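Structure record follows, encoded as structure tokens.
Whatever order the structure lists ligands and atoms in, that order sets their numbers, starting from 1. Computed from a predicted model, the values in this text were never measured in an experiment.
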Amino acid sequence: MELCFATNNQHKLAEVSAWLGDAFLLKTLNDIGCRNELPETTGTIPGNSRQKAEYVWTNYGVSCFADDSGLEVYALNGEPGVDSAHYSGSRNAEQNIQKLLTNLDGQTNRKARFITVFTLLLHGIEHQFEGIVEGQLLTETRGTGGFGYDPLFLPDGYDRTFAEMSIEEKNAISHRSRALTKMVAYLKEQIN
Ligand code: ITT
């Protein structure tokens, strides 16, 4: 089955491709001729996820899925949340991490979670799938892998950050792979 992953984030694309293997023929935005930024203006993670998938389905008529994701920090009432990609005002990961560390300065409650919502538009029919991973934020970065806030995030039950893990290790426990597990189970039901 051909499906487009509606994302301009190459790290997400690499994670999802590694996770899906050859179960689906994954098309990129580039493959379908879409070179635009995807709209993300609804102010919520599920809303933005739906908006990105609908943009591709409406403009390109290709069955697709999109994810909108973010880091929710308990002591900051869920910030940066939907604003995770540009928390510092730019999309620069180091600056976003720096702003987060500054806002958490002196804070003992370091609990946070990554959340993602996938929206699948299969021949125009919509379904959403959520994935969450809980963890703690360190006071300094560790590791060079992954992307975004990975160097700060220590998933519960592990002593290495997401940035210290291989793609496969992160994919075994990440918010994104948890949502993908649900989406793939649904897709398999549709095929059979
Ligand atoms: P697309 O909209 O094109 O998919 P994006 O990077 O803008 O790409 P989002 O709007 O979903 O993606 O923003 C998610 C941000 O949340 C992302 O840029 C990171 O800062 C953070 N984030 C999400 N998942 C993450 C992960 O697995 N590891 C680290 N940071 C993550």
Indicate whether any N or O donor in one side chain lies under 3.5 Å from an N or O acceptor in the other, for [X] and [Y].
X	Y	result
N103	Y87	yes
T41	Q51	yes
N171	S177	no
D31	T28	yes

Listed partners of N109 passing side-chain contact (heavy atoms from CB on, under 4.5 Å), at least two apart: Y74, A75, Q107, K111
Under a strict 4.0 Å criterion on non-hydrogen atoms, which protein residues are in contact with ligand 1? T7, N8, N9, K12, E40, K52, D67, D68, S69, G70, S84, A85, R91, F114, F147, G148, Y149, D150, K170, H175, R176
Should F65 and W19 be regarded as members of a common hydrophobic cluster, given that ILVMFWY residues are connected when their side-chain heavy atoms come within less than 4.5 Å of each other, either directly or indirectly? yes
